[in-house]
Each structure stands twice: as structure tokens, then as C-alpha cells.
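Below you'll find the structure, written out as C-alpha cells, and then a few comments.
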Number of protein chains: 2
Amino acid sequence: MSEIQSLARGLKILDLLGEAEDGVGITELAEKMGIDKGSASRLIATLANYGYAEKDPNSRRYRLGPMVVSLSRIVLQRTPLRETAKPYLRQLMEQTGECSHLAVASQGKVLYIDQVESPATLRVNAQVGKIAPMHCTALGKAMMAFADYPIVEPLEVFTARTITEPGMLKAHLEQTRRQGYAVDDEEYDYGVRCIAVPVFDFRDKVVGSIGVSGPAARMTLERLPEIARTVMTVGEALSARMRFLR
Amino acid sequence: MSEIQSLARGLKILDLLGEAEDGVGITELAEKMGIDKGSASRLIATLANYGYAEKDPNSRRYRLGPMVVSLSRIVLQRTPLRETAKPYLRQLMEQTGECSHLAVASQGKVLYIDQVESPATLRVNAQVGKIAPMHCTALGKAMMAFADYPIVEPLEVFTARTITEPGMLKAHLEQTRRQGYAVDDEEYDYGVRCIAVPVFDFRDKVVGSIGVSGPAARMTLERLPEIARTVMTVGEALSARMRFLR
DNA sequence: AACATGGTTGTTTATATCACAACAATTAAC
DNA sequence: GTTAATTGTTGTGATATAAACAACCATGTT
């Protein structure tokens, strides 16, 4: 499998621009990439020409350009899952009182592609476009349990409850499959619990997952099974709806 | 000014992937780009490796990947204008009853970066990420009138009222500057009128524009001055607020 | 004002990428 | 079911390209 080096470098720069909070300078960028300043300068100039990068006029540092926003809209609009799931997301939020989220798998990670916010003052919301690991989120584990995404080590630690042993995770996913829903019990963020189920298409292939997130104070361990039932019911309705597409 | 060819080609492919409604095949892509099939194949493979493109498993055609959504979120989150403008957008919608929009200039076009929807059944809304021309939108003309964006010919026609003569546009912008607000009187979409004003930063530099869009039936020519006053008032408040940043 | 830091632009050379073509993989046709 | 046709992937030399190095600017700093 052959790659185009300069394109790969350009895309890598986009990643770095995304990570850098307040933009990056050419020299800094060249160091991080392990390439020459001149090369970095020309690569960035090309990215800027196409609107993928831009230089902050006063700090003179580069950051991500507006072009990605435009492309993002196109991607989201063309995702049939998103369109179909919207009413189910609303229903989920109304029935549980918590923020509901829709996600797909992307590059071995969880990508949030839609959400409905709860009106509660204390709520746990994730923005569209957010990326999270699969092994410690309900949305991610729901997909892992019902489709064979590889477990990629190391399993990064976020809280004391994060599952870091591949064997443990495997057993956990087995249980998830049996009970039909995935739980994140403060494994990613302290004080946050989530429940999610996979979404299937007309071929019974996992295309994403849907679930709710809330503060542990409200989503107590006693209430979890009840909430899980709601999520499973809505999830099954969504999957049933998805079978009519295509 | 030198460009990196293969990176430029890769970014061009992203554009084409964005334009293609139902994905695009390698051969088709190579033809549109005027390059070899093999080159296109390798370029796309690289884009796919980084999540910027993906191939639809059943149609086997390539489309934009999820990575752009992730980057988009980062861009939007880091735009201070967006954060600051949100309450003003809401105010604008409430006071006019029409959808309000926030935009910036990008690559000589108008890029919508936020919006507040009106509850009205008949409303004129634009999604975040949408791109429109500058010369026939209120948001675009507001920026052109108060900063020197070049008039790039040809001025594309959208309706019978679209201004296509550079001289006419110049005069129109002059008037816009005098009256302090920009009007789009069915110049982009039939039956749609918009009013917008520029947003200035602490240096009195134009950083974007804010305005409302509504159906011509409601936004009658008689009501326009009144609506314009509202937009100008809110816009000035926003610009005043922006002066405190940085 | 001299210095230091960071960014851009020439120039040479190695090499990555291009085009061409052959091959593989699907799909379509018969 | 076999052939044909269309499309995508993979070698391979030739060449243009992009890498590195260095010199040169531009800004801001001491």
C-alpha cells in the first residue's frame, strides 16, 4: 500500500493544527513533524491557498482554516443515519431527561455526529464532531460488542474505572452483548454515566450507536436498568426504521 | 509562491468529493482532475488512510470521510466570534421573528458559522458550513462594503435581481456603506430578503457579519427600514462587545 | 542599534511521484 | 457459464518534484 508522502504530510499538519490550542508557528511545526522549515512553509502555504489553514494576522501563527467547516456540513448532510435518527434522539432525551447522542465509528474512534440537549441545568453534553475512544464510552462499546472492531492496545486510562486489560474488555463486551446494551460507568469522565445501544442497517450491520449521558447523581446504578430499557426500545425502533433505507 | 503539487491535488480531490452527490469513482475522478488513474488511486488511498475520504462499502465509490467533521468542530470552537455572537443572534431572531445568521469571509465567499432558527413555519434558514457568494447576499455585501474585498468577476447570476455589473455593485456597496446596513432583495433566492451588518473587532477590522433572512412576504419593503434598525442596533452591540476581546 | 527569533525564498540533488502499461477484480452481457 | 467490458490496483523506468541546506527577510527584543 503506497502513500503519497507530501499529501500525507499535509494531512498530518492538519492534525497538528487541530491539536494546537493557539495555532502553531512554522519552526515549531517543522520540529514536531521532523521535517525541514522550508518544506513545512511550502506545505502550509498550499493548505492556506485552499482554505484548510490560515494565518492569524496578528499572532502570525497558523491555525485550521474555514474550509473544513464547509466540508463538514456536506458530510453530515449526506449521512442518512443522522437524518433518520433525529426524532429518535429527541424521544430518547424526552424519555430519559438526559442528553442523547448519535455516533459512528471512525478511524477506530467514536465520532459524535448528532445530539439533542437536555434542558436540565446539570447535563452531560458532547458536541457534534467530538472524537472519543471506543473502549471507555458506552457509544463505543455498543459498537464493539456487536461488530468486530479490533481492540487496539494500549487502552488509555481516563479514570480509575477505565478498563485497561484487553481480556477484561473482551469479557465486558461479551456481557454487553448478552444484556443488549452498553454501559459506561464513569470510565471516561468522573461523575458521568452513559448507556448506549448499536444501530443496525438493513443488512444487520452496525452503522453507529445511540445513547444517553447524564450525571451519575441522576443516573444512579438503580435507575440504570430502567434507562437501559428505554434506550434499547428506542434503539430497536431506529434500527427497524433503518432497514427501510436502501 | 510555490505550491506542493501532490498536496494541492489531494485538496482538490476533497473539493470534488464534496461536490459529487453520490460519491465518485477513481476513473471519473482522474478524468475530472486531468491526471492518471494510478495517481488518483494513490492520492485517494492516502486521504482514506487519514480519514478524509472513505469508500462506501457497497457502492465502492469514494466520498468525504469523517475526519473533516472532527476538524470542523475544532475550528468552530476556537472561533471567538461565534461564542460572543450567540446571544446577539438569539436576540436578533426574537426581535425580528426571522432566522438570524453569523458569517465570516472565506476564500472570497461567505461562510455561515452559526445560526438561530425562527420558530415560524415558513422560514429561511441556512446551515452552519454553508457557503454562498458575497456579491448577492446581505451577509457578504455587509463585509464587502466595510472592508476591501475584491470584486471578482464574473458575478454569477442567481435571480433576475442579482447585480452582475461590477460598476453597479460598487455603487450599491457605496450606498450600503452610507446607510450602514446591507440588503439582499431577492438577489440570491427568489422570495427571500435579508438584511445584515458587518461585525468589527477591537481594531475596527471587519471580522464577519450578522443578519436576518426571511420570506419576502413577511419582510416587505416597507418593513425593511425598521428591521434594519434592529439589525444595526444588535450589530453595534456585538461589535462593542468584540472590542473587549484580545 | 544590534541581536535574536521565526518565516520565506533560491538552488542543488536525491527521490518521490508521475505516466504508461500490465494486471487484478468486479460487473455486465450474452 | 463464459466472455467481454469496465474499473481499480500495482509494477516500473523517466523525470519532474519536493527535500534539505543555506542565505535572506521580516519582526520583535534587549
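Letters go in sequence order (proteins before strands), and every chain restarts at 1.
By the side chain to side chain donor-acceptor pair (under 3.5 Å) test, B:Arg61 pairs with B:Glu28, sequence neighbours left out. Under the side chain to side chain contact (heavy atoms under 4.5 Å, CB included) criterion, B:Ile26 pairs with B:Ala40, B:Ser41, B:Ile44, B:Tyr62, sequence neighbours left out. Here B:Asp22 pairs with nothing under the salt bridge (charged side-chain N to carboxylate O under 4.0 Å, His left out) rule; sequence neighbours left out. Qualifying salt bridge (charged side-chain N to carboxylate O under 4.0 Å, His left out) partners for A:Lys12, counting only residues two or more places apart in sequence or in other chains: none. Listed by chain and number, the residues in a side chain to side chain contact (heavy atoms under 4.5 Å, CB included) with B:Glu236 are B:Met232 (sequence neighbours excluded). For B:Gln175, the side chain to side chain donor-acceptor pair (under 3.5 Å) partners are B:Gln179, not counting sequence neighbours. By the salt bridge (charged side-chain N to carboxylate O under 4.0 Å, His left out) test, A:Asp114 is found to be paired with A:Arg82, A:Lys86, residues two or more places apart in sequence or in another chain being considered. Qualifying salt bridge (charged side-chain N to carboxylate O under 4.0 Å, His left out) partners for B:Glu165, counting only residues two or more places apart in sequence or in other chains: none.
Mapping B:Arg42 and A:Ser41 onto DNA chain C via the closest heavy atom, the residue that lands nearer the 5' end is A:Ser41.
Taking atom CG of A:Leu43 as the reference point, atom P of C:dT9 lies 14 Å away to the nearest angstrom. A:Arg61 has its CZ atom 14 Å from the P atom of D:dG28, to the nearest Å. Taking atom CD1 of A:Ile35 as the reference point, atom C1' of D:dA20 lies 11 Å away to the nearest angstrom. Atom NZ of B:Lys55 is separated from atom P of D:dT7 by 15 Å (rounded to the nearest Å). Nucleotide C:dT17 holds its P atom 16 Å from the CD atom of B:Glu3, rounded to whole Å. For the pair A:Lys37 NZ and D:dC21 C1', the computed distance is 11 Å after rounding to whole Å. The nearest whole Å value for the distance from the CG atom in A:Asp36 to the P atom in C:dT15 is 15 Å.
How far CG of B:Leu29 is from CG of B:Leu43: 8.5 Å, rounded to the nearest 0.5 Å.
Looking only at side-chain heavy atoms (C-beta outward), A:Ile151 and A:Lys170 come within less than 4.5 Å of each other.
Applying a 4.0 Å cut-off to non-hydrogen atoms, the residues of residues 4-16 of chain B that approach DNA chain D are B:Ile4, B:Gln5, B:Ser6, listed by residue number. The stretch residues 24-31 of chain A touches DNA chain C through A:Gly25, A:Ile26, A:Thr27, each having a heavy atom under 4.0 angstrom from the strand.
A salt bridge (Lys or Arg N to Asp or Glu O under 4.0 Å) check over residues 63-81 of chain B, counting only residues at least two apart or in different chains, returns the pairs A:Glu21-B:Arg78, B:Glu54-B:Arg63, B:Asp56-B:Arg63.
Proximity of B:Tyr62 to the phosphate of D:dT7: no side-chain N or O atom is located under 4.0 Å from OP1 or OP2. OP1 or OP2 of C:dA19 has at least one side-chain nitrogen or oxygen of B:Ser39 nearer than 4.0 Å.
Axis angle across the helix from C:dA1-D:dT30 to C:dC30-D:dG1, with five pairs used at each end and values rounded to 10°: 40°.
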